[in-house]
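Notes to accompany the following structure.
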Amino acid sequence: MDSPETAQILALLDQLDHGKCADELETYSIEFKPFTDPKSDKRVAVEYAVCFANADGGVLVFGVADKDRGGRSRAIHGIKDVDCAEWERHIYQSTTPQLSVRVEEVPVREGTGRLLIVRVPKGVNPPYGTAQGLYKKRVSTNCMPLNIQAEARVQVRTGAVDWSGEPVENAGPEILDRVEIARARNWLRRLKPDSELLRANDGELLQGLRALHDGRVTRAGLLLFGKADELARRCPQHAVQYVYQPAPTHVARNDVLQSGLLNILEQIEIAFTGPANPEQELSIGILRLRIPAFPVESVVREAVLNAVTHRDYLDPGRVLVRHEPRELTVTSPGGFIEGITPQNILRHEPRTRNQTLAVAFLKLGLVEQAGVGRRRIFISMLSFGKRPPVYETDNASVTLRIYDGSFDERMARLAARWREAGREIDLDALLILNYLRQHAFIDSAAASSLLQLPATEARGVLDRFSQPATGILERRGRTAAATFHLAKSVARDLLGKTAYTKTKGIAPVRYAELVRQFVEDHGSITPAECRELLGLGESNSDKVTVSNLLRRWCQPDGFLRREGRPPKVRYFRQEQH
């Protein structure tokens, strides 16, 4: 929130001549106070500084009697001599974390001729308190006591504070397990053999991973390298529960994994390398393509890393990995960070609650870069012709559902051949190909939802895939009613030899369904758009066909209503009564 300008404050004071008192002029961001003596007034300034900083910032105005209704001349008495720089230093030294404010004098015609204004910015590292331990926050026009624990939880939940980067209280390197440090070196040798961290001693390695900072163990260091008993005592919620359920009524394993996160990750990967995670094999020329139920490195590892990195560690719950023959679900405590939803997660800029932990995983080579993991999971599953994963949230937790079930052999072969030929196949292409395995065509409205993009950008993606250099799609039509179909060679490989011929025409029985959906997506339709949508041409017979269809759909029992006169006729959805 922008701080009120001086002119706004002075204009507000004009209302004192209209029966108002200063107390009634106060807002969420403005507070008026009389000037009594510098010592007590500076104490008041410190309290209001933390109050405003813990909210959206504001201004405190000294020199105005807040209860006087006698007009400006009586209510505004002004201030005595003050040292603005000294007030700024005093507020800075009397707040924690230390808070920088701006103090200035403003001329007025009443009283001593001057007001004192303390401008407080919105705090960047709340919660703020006084040196005496007083915490308040602006609520409406009042400064209310602040629940520090609740405020800290909000900061962690929203990602404003990096919980994992904070030091562990009363803990030094002695709480760390050398076996876990050696485990980190093993990961580095496998994943990043050229890393300079491999040549560092243990202390330098821990500092490089921010497990140690200024000689103190960070919470990320505890999670990665803490001894089991220290983890159980200091952060028991870090545990990951692994449940293997081979049948609806049979639980074969129910393990609570309580060691360091790297050890936990290894134990879960081992569980997915045996009979519980069967593979199928496809022969593609000389290539043998192995298709596991759940790919370990690109899916299982990524899902678990995402869960332990982005979870809310102030929540007492555990990460739950439920492994069933046809579905893997990974649930982590804490909802999505504000702004991220299941409907935009593939596009939203990556944000994390535990940045220090995320960077440690990045330096160890376990993740490539922020935000790539979730897309990698989708790409891996779709490349094998499996169902796309699904994110769900109830605001208290996030669940990722990954499906095995049957895979599409044609899709798996096509993706494998393209990769072997060095042909790019990104997530957008895989999502569209998966969609067109089940639908005759895709338009910009459907692509917008599927790709989590605005309709205009989704249309751009479809246009790109219909270019000769890409050759995945064919476009039919040029207006908003344009549809995109699989290119001939892709349709043959993905759906069979007759698929392309079938997509060349649309069965008349589906005409009403297509037009109804188009009007739902775009608001209305013209006769020309209707012909284009249905794959008809500009001949007189096609025009008559569409005209008759539109007339029929405008009957009392139809779903359209007509507006305008030729040539400017549009058809809108008919409200049902």
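- The side-chain heavy atoms of Glu409 and Ile291, taken from C-beta on, include no pair separated by under 4.5 Å.
- Contact of the Arg459 side chain with the Phe484 side chain is registered, since non-hydrogen atoms from C-beta on lie closer than 4.5 Å.
- For residues 404-425, no residue pair satisfies the ring-ring contact (aromatic ring centres under 6.0 Å, His included) rule, not counting sequence neighbours.
- In the displayed structure, Gln467 atom CD is contacted under 6.0 Å by more than 12 heavy atoms of other residues, nucleotides or ligands.
- For the pair His310 (side chain) and Gly335 (backbone), a donor-acceptor distance under 3.5 Å is absent.
- Checked by atom type and distance alone, the side chain of Arg347 pairs as donor or acceptor with a backbone atom of Leu451 at under 3.5 Å.
- Between Asp408 and the options Arg437, Arg413, Arg387, a salt bridge (charged side-chain N to carboxylate O under 4.0 Å, His left out) holds for only Arg437.
- More than 12 heavy atoms of other shown residues, nucleotides or ligands fall within 6.0 angstrom of atom CD in Glu392.
- Using a 4.5 Å heavy-atom cutoff, the side chains of Arg322 and Gln245 are in contact.
- A distance-only check finds a donor-acceptor pair linking the side chain of His439 to the backbone of Tyr435 [under 3.5 Å].
- Between atom CG of residue Leu262 and atom CG of residue Leu366 there is a gap of 6.5 Å, rounded to the nearest 0.5 Å.
- Between the side chain of Asn277 and the backbone N or O of Phe272 there is at least one donor-acceptor pair closer than 3.5 Å.
- Judged by distance alone, the side chains of Arg189 and Asn186 do bring a donor and an acceptor atom under 3.5 Å apart.
- Distance alone, capped at 3.5 Å, is enough to place a donor-acceptor pair between the Ser466 side chain and the Asp463 backbone.
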Set out, in order, the CA-CA distance, both residues' side-chain angles and the distance that settles side chain to side chain contact (heavy atoms under 4.5 Å, CB included) for Met381 and Ile402, then state yes or no. CA-CA 8 Å; Met381 297 303 286; Ile402 302 166; 3.6 Å; yes
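- Within a 6.0 Å radius of CD in Glu196, other residues, nucleotides and ligands contribute 12 heavy atoms or fewer.
- Using modelled atom types, one finds no donor on one side chain facing an acceptor on the other under 3.5 Å when comparing Asp255 with Gln241.
- Side chains of Ser164 and Asp162: a donor on one and an acceptor on the other come within 3.5 Å.
- Distance alone, capped at 3.5 Å, places no donor-acceptor pair between the Ser195 side chain and the Leu188 backbone.
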Before you tell me yes or no, could you show the steps for Asp404 and Arg326 under salt bridge (charged side-chain N to carboxylate O under 4.0 Å, His left out), namely the whole-Å CA-CA distance, both residues' side-chain angles and the distance that decides it to 0.1 Å? CA-CA 5 Å; Asp404 176 29; Arg326 293 293 177 260; 3.4 Å; yes
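- Pairs engaging residues 460-479 under the ring-ring contact (aromatic ring centres under 6.0 Å, His included) rule: none recorded [sequence neighbours left out].
- Side-chain polar atoms of Thr329 and Arg401 form no donor-acceptor pair below 3.5 angstrom.
- Ionic pairing of Lys122 and Asp56 is present here: one or more N-O contacts between side-chain nitrogen and carboxylate oxygen are shorter than 4.0 angstrom.
- Heavy atoms of other residues, nucleotides or ligands lying less than 6.0 angstrom from CZ of Arg288 number more than 12.
- Side-chain contact between Glu529 and Arg570 is present, with heavy atoms from C-beta onward closer than 4.5 Å.
- Residues in residues 262-276 take part in these salt bridge (charged side-chain N to carboxylate O under 4.0 Å, His left out) pairs, two or more places apart or across chains: Arg183-Glu266, Glu269-Arg301.
- Between Leu357 and Tyr313 there is a side-chain heavy-atom pair separated by less than 4.5 Å.
- The CG atom of Leu176 sits 6.0 Å away from atom CG of Leu212, with the distance rounded to the nearest 0.5 Å.
- No side-chain heavy atom of Thr399 sits less than 4.5 Å from a side-chain heavy atom of Leu320.
- Shown here are the side chain to side chain contact (heavy atoms under 4.5 Å, CB included) partners of Ala415, two or more places apart in sequence or in another chain: Ser383, Met411, Arg419, Ile425.
- A salt bridge does not link Asp194 with Arg199: none of the charged nitrogens is closer than 4.0 Å to a carboxylate oxygen.
- At least one donor-acceptor pair under 3.5 Å links the side chain of Gln452 to the backbone N or O of Leu346.
- Between the side chains of Asp521 and Gln517, at least one donor N or O sits under 3.5 Å from an acceptor N or O.
- Counting heavy atoms from C-beta outward, Ile442 and Leu450 have side chains that approach closer than 4.5 Å.
- Between Pro389 and Ile377, the closest heavy-atom pair is CG-CG2, 3.9 Å.
- Here CD of Gln207 is found 11.0 Å from CG of Leu197. Values are rounded to the nearest 0.5 Å.
- Pro454 is linked by a side chain to side chain contact (heavy atoms under 4.5 Å, CB included) to Thr456, Glu457, counting only residues two or more places apart in sequence or in another chain.
- No side-chain donor from either of Arg318 and Gln237 sits under 3.5 Å from a side-chain acceptor of the other.
- Within a 6.0 Å radius of CZ in Arg423, other residues, nucleotides and ligands contribute more than 12 heavy atoms.
- Remark: the backbone N or O of Phe225 is not paired with any side-chain donor or acceptor of Glu180 at under 3.5 angstrom.
- Every pair passing ring-ring contact (aromatic ring centres under 6.0 Å, His included) that includes a residue from residues 273-307 is listed here, sequence neighbours excluded: Phe294-His323.
- Of the residues Arg374, Arg375, Arg376, the one that meets the side-chain hydrogen bond (donor to acceptor under 3.5 Å, both in side chains) test with Glu302 is Arg376.
- Because its NZ or CZ atom is not both nearer than 6.0 Å to the ring centre of Tyr244 and within 45° of the ring axis, Arg253 does not count as a cation-pi partner of that residue.
- Remark: the backbone N or O of Gly317 is paired with a side-chain donor or acceptor of Arg311 at under 3.5 angstrom.
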Does the pair Glu166 and Arg219 meet the rule for a salt bridge (charged side-chain N to carboxylate O under 4.0 Å, His left out), with working shown? CA-CA 6 Å; Glu166 296 293 320; Arg219 287 172 175 151; 5.3 Å; no
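- A salt bridge does not link Arg410 with Asp493: every distance from a Lys NZ or Arg NE/NH1/NH2 to an Asp or Glu carboxylate oxygen is 4.0 Å or more.
- Using cut-offs of 30° and 60° for the angle between ring planes, the His522 and Phe518 rings count as tilted.
- Here the CG atom belonging to Leu534 is positioned 12.5 Å from the CZ atom belonging to Arg476, to the nearest 0.5 angstrom.
- Atom CZ of residue Phe559 and atom OH of residue Tyr571 lie 11.5 Å apart, to the nearest 0.5 angstrom.
- No more than 12 heavy atoms of other residues, nucleotides or ligands sit less than 6.0 Å from atom CD of Glu349.
- Distance check, rounded to the nearest 0.5 Å: CG of Leu209 to CD1 of Ile181 gives 10.0 Å.
- Side-chain atoms of Arg516 and Val519, non-hydrogen and from C-beta on, never get closer than 4.5 Å to each other.
- Of the possible donor and acceptor atoms, none in the side chain of Lys386 sits under 3.5 Å from a partner among the backbone N and O of Tyr403.
- None of Leu473, Leu427, Leu486 except one satisfies the side-chain contact (heavy atoms from CB on, under 4.5 Å) rule with Ile432; the exception is Leu473.
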